[in-house]
Amino acid sequence: MAVSSILFKSYSALIRSSSLKHHIRCLSNVPENTVYGGPKSQNPNQRVTLTNLKQKHKKGEPITMVTAYDYPSAVHLDEAGIDICLVGDSASMVVHGHDTTLPITLEEMLVHCRSVARGAKKPLLIGDLPFGTYESSSNQAIDTAVRVLKEGAMDAIKLEGGAPSRITAAKAIVEAGIAVMGHVGLTPQAISVLGGFRPQGKNVASALKVVQTAMALQEAGCFSVVLECVPAPVAAAATSALRIPTIGIGAGPFCSGQVLVYHDLLGMLQHPHHAKVTPKFCKQYARVGDVINQALLQYKEEVTEKSFPGPTHTPYKMSDSDVNGFLSELEKMGLGSAASSAAVAAEKAEAVNGSS
C-alpha cells in the first residue's frame, strides 16, 4: 500500500508539471493553428436541451429548426442561434441527388450526423431514421436509434408516420431512453402509399387522422411532432390538442415552431424533385445558388486567363540563398528544365515584390 501511495503521488506531481502538460497537449488530436485550425470542442453547457424547448413552448416562444448535413451548414446554424438542427434524410435528395428520401442508408446518415455534430455546438441535434431501418421490429428500431446517438453523436432521433408499427417503434425507443420526435402529414418515406409528395389533411377523414396520429405519437412519449404539408386549421387543431410542441413545414403559422430545408431557404440549386417546382411553402431568404454560380464562373475565368493565383495568393517564399541552392541541386540531378522553370518563377516573384 505504501509503495502504491508513493507511486500515485509521484505520478500526480508529474501530471502537474508544465513540461508534461505541454507534452500531453501536443498529443491532442485537434490540430494546431498552422495552415488550418482545428474544430473547437463542444461546450455541453451551451447545448439546447429538451428542457429548454419545453420552457419555450410553455412561454409561447416559437421554436426554430433547420436541416443541416455537413460541418459548414452546421456551423452556420450554430452561429445563427437556431434551436434545433435536424440531420434529415432529405440529404438523400439535396446532397446525394436522388428523387426521393428512400435510397439513403443508415451508414450514409451516420456520416452526415458526425459531420454536423462537429460543427453545431449549441442546437439540439436530431437525426432522422432512414427508410428501412426501423419498420421491421421494435428491436430493429432501438438498435438503429442507439447507433444514431452513439455513432452519430445526435441528441435525439426523428421517425416518420403514425401506423401502429411506427407508434410501437417510437414507444420502444423512448422506453430505451432515447428522445423521439414524431412526423405526420406528408411523410416522404411513404410516397409509395401516398402516391407522391402530396399534401395531407385536405378532407375531414384525412384531417382527423393527422390530429389523431399526432396525439398517438405524444402518448408514445414523443417530445415533439413535425406537421408537414397540412392545411393551417389542421395544424392549429393538432397544436391545440397536444401538450408537446409542433414543428410545421408547409403547415401555416399556428404551429409551435417552424422547420425548413437548408438548401431551400437559402435558394441553392434545386434537387431533382424540385427541378421544375420549388415547394410552395418555402420562402427563399437568399439566392445563394446565384452567388455560388457567379463565384465559380469568375474563378474559371481568372484561372483561364492566368490572373489567379496572383502575388496576394502566392504567400510562401524562399530566401535567395535557398532558391540558388535549390536550382543547383536540380542541375546536379539532371533536371535542367525544372531548374530553368524554377528560376523564371523566382525572378517573376522578385519582380512583383520589388514593384509592390
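In this chain, residues are counted from 1 in sequence order.
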Salt bridge (Lys or Arg N to Asp or Glu O under 4.0 Å) involving [X] - partner list, sequence neighbours excluded:
{"X": "D290", "value": "R287"}
{"X": "K332", "value": "E329"}
{"X": "E219", "value": "R243"}

Would a distance-only check, ignoring hydrogens and angles, find a side-chain to backbone donor-acceptor pair under 3.5 Å from [X] to [Y]?
{"X": "S206", "Y": "G201", "answer": "yes"}
{"X": "T246", "Y": "S256", "answer": "yes"}
{"X": "Q298", "Y": "Q294", "answer": "no"}
{"X": "S240", "Y": "A237", "answer": "no"}
{"X": "T314", "Y": "G310", "answer": "yes"}

- Query: Hey, what do you get for OG (S137) to CG (D143), rounding to the nearest 0.5 Å?
  - Reply: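 If we round to the nearest 0.5 Å, S137:OG and D143:CG are 7.5 Å apart.
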- From L124 atom CG to I126 atom CD1, the distance as rounded to the nearest 0.5 Å: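 Taking CG in L124 and CD1 in I126, the distance rounds to 5.0 Å.
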- Task: Any side chain to side chain donor-acceptor pair (under 3.5 Å) involving residues 221-237? Give me the pairs, sequence neighbours left out, ordered by first then second residue.
- Result: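 Listed by first then second residue: H183-E228.
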- Task: Would you list the pairs meeting side chain to side chain donor-acceptor pair (under 3.5 Å) in which at least one residue belongs to residues 104-114, sequence neighbours left out?
- Result: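 Pairs touching residues 104-114 that pass the test: H96-H112, T105-E108, E107-R147.
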- Hey, any chance L110 and I142 share a hydrophobic cluster, counting ILVMFWY side chains that come within less than 4.5 Å of each other, even indirectly?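 Same cluster: L110 reaches I142 through Ile, Leu, Val, Met, Phe, Trp or Tyr contacts under 4.5 Å.
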- Task: Using side chain to side chain donor-acceptor pair (under 3.5 Å) as the criterion, list what pairs up with S321, not counting sequence neighbours.
- Result: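 S319.
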Does anything in [range] pair up under salt bridge (Lys or Arg N to Asp or Glu O under 4.0 Å), and if so which pairs, sequence neighbours excluded?
{"range": "residues 49-76", "answer": "K56-D83"}
{"range": "residues 170-182", "answer": "K171-E175"}
{"range": "residues 296-310", "answer": "none"}
{"range": "residues 206-216", "answer": "none"}

Side-chain contact, heavy-atom cut-off 4.5 Å: [X] with [Y]?
{"X": "L227", "Y": "I247", "result": "no"}
{"X": "Y69", "Y": "H263", "result": "yes"}
{"X": "V226", "Y": "I249", "result": "yes"}
{"X": "M268", "Y": "V94", "result": "no"}

- Task: Taking ring-ring contact (aromatic ring centres under 6.0 Å, His included) as the test, write out the residues that go with Y262, two or more places apart.
- Result: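 Expected list: none.
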- Message: Going by ring-ring contact (aromatic ring centres under 6.0 Å, His included), name the residues that satisfy it together with F308, two or more places apart in sequence or in a different chain.
- Response: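 ring-ring contact (aromatic ring centres under 6.0 Å, His included) check on F308 returns H313.
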